[in-house]
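Values in this document were obtained by computation on a predicted structure and should not be read as measured data.
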Amino acid sequence: MPGNGGQVAVGKGEKLWRTCRLMINGSEHKVLYHEETINYLFLPFLRRISSMQKRLGRRLVVYIVAPPGAGKTTLSLFLEKLSASSPGVVGAQALSLDGFLKSGEYLENTKIERDGKMVSLAALRGSPETFYVDKLSAKLATLRDADVRWPIYDRRRRETVDDIKPIRKKIVLVEGCWLLLRDPPWQNVRKQADFALFITAAPQLLKERLIEQNIAMGKSRAAAEKFYNDVDRRNIDLALASSWAANETWEILPDGDYLLKADAKKPLNIVDRKALWKKAPPVTADEFTVWQNLYHKMMTGADAGSNDAAYAQGYGEGLSAARTEIIRRLFMTGGMTRQEIMATFQLKEHELDKILPRERGTADKPL
C-alpha cells in the first residue's frame, strides 16, 4: 500500500491517516488519506472496476469528475499508485482533462460575454469554454482499443503539449470538472465512459480549499478571493448543478476524507461502507453491457427521438420494464445492494420498494 514506509500518521481527530508522496503538476506533495477509507472505499472501488475490465476484455474508461477544489487530481493519482501496489487489482493510469486546454495565444486573443462584459478567455482558464471538446472526444474514442498518447498541460509554460504521455494500462482514470457536463458541446462526452464517479462537496468547503490553494501558489489573499469570485464560484455552481448523473458519488469532507453517498441526503458511515463493499458485484458481461447501454439511454434520452406517439410511448415503457428487470436481477443475485441500486439508478426508497418489496424488515439483503 502506498505510504511513508507503511507508517500511519495520526493527528486529524481519532482517524488514522496514511501518508503518500505524489508528483502533482511537476512537484512533490505529501498527501494524507484515512486508512479505513483506503480499505473500505478506494480498494473496493478499484476491485470493482478491475472486475468490469476483465469482463469486458478491453481497456476500461473511467471518469473521475468533480467541481474545482474537490481533490480529483490528487485522488486519481493516488488511485493509480494504489492500483500498482494492490494484489488482484488491474493497473490504472490517471489522465487529466487539462491537456485539452486551448492554446495560450487563443485564450489571450478571444473574448466572450460574461455577466454583460466582454472578458478574455485567458482570465477564465479552466472554464468549459477554454477546452477543445472535439479534440477530447476524438481522443476518448481511441482509448478503448489502442495504445495512444495523451496530451499534458505544462503549468510552467502555461501551454499544452500534444501526444506526449503514453497510455498502456488496462484502466484509465480520466479526471476533470466537465466530463459529465450536460451543456453543449460537452453533452456527448458522457457516452465515451464505461463508468463515472462524481465527487461532491459543500460549496463553502470548496471555496475555502480553492482560496488556500491559490495562496499556496503565491497569490495574495485578495487576489485569491477575487479569482474565486470571478471564476471558481461560477465553475463550482455549474459542475454541481449541470452534470449528468454518475454511476457513483462520493463526498469530500472538511478533513479531506471521503464518504460514499447512498442517496442525496445521507452519506454512508464506515460501518455501512464495510457492509456495502464486502464483495464485488457478480454481474455477467452481458448483463453489464445491457445495464450500461440502458443507463446511457435513460440519462441522455438516446433513440427516443421518434415523432410517432405510439412508438415513443412503447419505447418509454420498454425502457422502464428493462430497467425494472435489471434491478431485480442485480439484487436477487447479490450483484447490488438496495443502497447501491438507489445510488446508481437515482431511485428514492419508496420507488425502490415498488420494485423490490421488503420482507420481514430486511433492508439490504436479497428477498
*Asks:* In terms of hydrophobic clusters joined by side-chain contacts under 4.5 Å, are Leu124 and Leu136 together?
*Replies:* no
*Asks:* Shortest non-hydrogen contact from Ala94 to Ser76?
*Replies:* CB-O, 3.6 Å
*Asks:* Closest approach of Pro68 and Leu210, non-hydrogen atoms and distance?
*Replies:* O-CD1, 3.7 Å
*Asks:* Short question: side chain of Gln192, backbone of Leu179 - any donor-acceptor pair under 3.5 Å?
*Replies:* no
*Asks:* Is Glu105 atom CD crowded by more than 12 heavy atoms from other residues, nucleotides or ligands, each under 6.0 Å away?
*Replies:* no
*Asks:* Over 60° means perpendicular and under 30° means parallel, so classify the ring planes of Tyr33 and Phe42, tilted if in between.
*Replies:* perpendicular
*Asks:* Within the side chain of Glu159, is there an N or O that forms a donor-acceptor pair under 3.5 Å with the backbone of Gly104?
*Replies:* yes
*Asks:* For Ile252 and Ala201, work out which heavy atoms get closest and say how close.
*Replies:* CG2-CB, 3.3 Å
*Asks:* May I ask you to decide whether Arg114 forms a salt bridge with Glu129, counting only side-chain N to carboxylate O separations under 4.0 Å?
*Replies:* yes
*Asks:* Is Leu206 reachable from Ile215 through a run of hydrophobic residues whose side-chain heavy atoms are each under 4.5 Å from the next?
*Replies:* yes
*Asks:* Is it the case that over 12 heavy atoms from other parts of the model lie below 6.0 angstrom from the NZ atom of Lys135?
*Replies:* yes
*Asks:* Sub-3.5 Å donor-acceptor pair from the side chain of Ser50 to the main-chain atoms of Val89, do we have one?
*Replies:* no
*Asks:* Tell me whether Lys170 at atom NZ has more than 12 heavy atoms from other residues, nucleotides or ligands lying less than 6.0 Å away.
*Replies:* no
*Asks:* Side chains of Ile341 and Ile355: does their closest heavy-atom pair fall under 4.5 Å?
*Replies:* no
*Asks:* Would you say Leu46 and Ile199 are hydrophobically clustered, going by side-chain heavy atoms of ILVMFWY under 4.5 Å?
*Replies:* yes
*Asks:* Quick check for you: to the nearest 0.5 Å, what is the distance between Leu97 atom CG and Thr73 atom OG1?
*Replies:* 9.5 Å
*Asks:* The test is side-chain contact (heavy atoms from CB on, under 4.5 Å); show your working for Leu181 and Val189 and say whether it passes.
*Replies:* CA-CA 8 Å; Leu181 193 63; Val189 174; over 6 Å; no
*Asks:* Begin with the C-alpha distance, continue with both residues' side-chain angles, and end with the deciding distance and a verdict on side-chain contact (heavy atoms from CB on, under 4.5 Å) for Glu36 and Leu16.
*Replies:* CA-CA 8 Å; Glu36 288 197 331; Leu16 298 179; over 6 Å; no
*Asks:* Do the non-hydrogen side-chain atoms of Asp255 and Lys15 ever get within less than 4.5 Å of each other?
*Replies:* yes
*Asks:* Would you please test Ser96 and Glu175 for side-chain hydrogen bond (donor to acceptor under 3.5 Å, both in side chains) and show each step?
*Replies:* CA-CA 5 Å; Ser96 175; Glu175 61 89 2; 3.1 Å; yes
*Asks:* About how many Å separate OG1 of Thr130 and CG of Leu101, when rounded to the nearest 0.5 Å?
*Replies:* 5.0 Å
*Asks:* Salt-bridge test for Asp98 and Arg125: reply yes if a basic N is under 4.0 Å from a carboxylate O, no otherwise.
*Replies:* no
*Asks:* In a check of salt bridge (charged side-chain N to carboxylate O under 4.0 Å, His left out) between Arg59 and each of Asp145, Asp194, Asp147, which one passes?
*Replies:* Asp147
*Asks:* Going by the side-chain contact (heavy atoms from CB on, under 4.5 Å) test, name the single residue among Ile64, Leu41, Leu259, Thr37 that passes it with Trp250.
*Replies:* Leu41
*Asks:* Are Arg221 and Glu212 ion-paired here, with the side-chain N under 4.0 Å from a carboxylate O?
*Replies:* yes
*Asks:* Is it the case that the side chain of Asn247 and the backbone of Ala196 share a donor-acceptor pair, with hydrogens and angles ignored and the cut-off at 3.5 Å?
*Replies:* yes
*Asks:* Are the side chains of Pro67 and Asp237 in touch, meaning some heavy atoms are under 4.5 Å apart?
*Replies:* no
*Asks:* Is Asp230 close to Val119 at the side-chain level, that is, under 4.5 Å between some pair of heavy atoms?
*Replies:* no
*Asks:* Whether the Ser51 and Arg47 side chains hold a donor-acceptor pair (N or O, under 3.5 Å, no angle test) is what I'd like checked.
*Replies:* no
*Asks:* Mind checking whether Leu79 and Phe45 have side chains closer than 4.5 Å, heavy atoms only?
*Replies:* yes
*Asks:* Centre-to-centre under 6.0 Å for Tyr63 and Trp178, is that the case here?
*Replies:* no
*Asks:* Phe100 ring centre to Lys139 NZ or CZ under 6.0 Å, with the angle to the axis within 45°?
*Replies:* no
*Asks:* Nearest 0.5 Å, please: how far is CG in Leu22 from CD in Glu80?
*Replies:* 9.0 Å
*Asks:* State the OH-CG distance between Tyr258 and Leu75, to the nearest 0.5 angstrom.
*Replies:* 4.5 Å
*Asks:* What are the two closest non-hydrogen atoms of Phe198 and Leu180, and how far apart are they?
*Replies:* CD1-CD1, 4.2 Å
*Asks:* Passes side-chain contact (heavy atoms from CB on, under 4.5 Å), Arg234 versus Leu238? Steps please.
*Replies:* CA-CA 6 Å; Arg234 184 187 183 100; Leu238 184 63; 5.5 Å; no
*Asks:* Do Ile164 and Leu140 share a hydrophobic cluster (ILVMFWY, side-chain heavy atoms under 4.5 Å, transitive)?
*Replies:* no
*Asks:* Would you call the rings of Phe131 and Trp186 parallel, tilted or perpendicular, taking 30° and 60° as the class edges?
*Replies:* perpendicular
*Asks:* If every non-hydrogen atom of Cys177 is compared with every non-hydrogen atom of Ala239, which pair is closest and at what distance?
*Replies:* O-CB, 4.3 Å
*Asks:* Begin from the C-alpha positions of Leu43 and Ser86 and carry the test side-chain contact (heavy atoms from CB on, under 4.5 Å) through to its verdict.
*Replies:* CA-CA 8 Å; Leu43 279 172; Ser86 303; 3.3 Å; yes
*Asks:* Would a single hydrophobic cluster contain both Val231 and Tyr153, if residues Ile, Leu, Val, Met, Phe, Trp and Tyr are joined by side-chain heavy-atom contacts under 4.5 Å?
*Replies:* no
*Asks:* A side-chain contact here means heavy atoms from C-beta on lying under 4.5 Å apart; do Leu347 and Arg338 qualify?
*Replies:* no
*Asks:* Could you tell me if the side chain of Lys207 sits less than 4.5 Å from the side chain of Arg233, heavy atoms only?
*Replies:* no
*Asks:* Quick one: CZ on Arg149 to CZ on Arg168, what's the gap to the nearest 0.5 Å?
*Replies:* 6.0 Å
*Asks:* For Leu253, is there any backbone N or O sitting under 3.5 Å from a side-chain donor or acceptor partner on Asp257?
*Replies:* no
*Asks:* Ignoring hydrogens, what is the shortest heavy-atom contact between His34 and Trp17? Give both atom names and the distance.
*Replies:* N-CE3, 3.2 Å
*Asks:* Measure the spacing between CG of Asn229 and CD1 of Ile211 and express it to the nearest 0.5 Å.
*Replies:* 7.0 Å
*Asks:* Are any non-hydrogen side-chain atoms of Met23 and Leu77 less than 4.5 angstrom apart?
*Replies:* no
*Asks:* Within a 6.0 Å radius of atom NZ on Lys54, are there more than 12 heavy atoms belonging to other residues, nucleotides or ligands?
*Replies:* yes
*Asks:* For Asp154, does the CG atom have more than 12 heavy-atom neighbours from other residues, nucleotides or ligands under 6.0 Å away?
*Replies:* yes
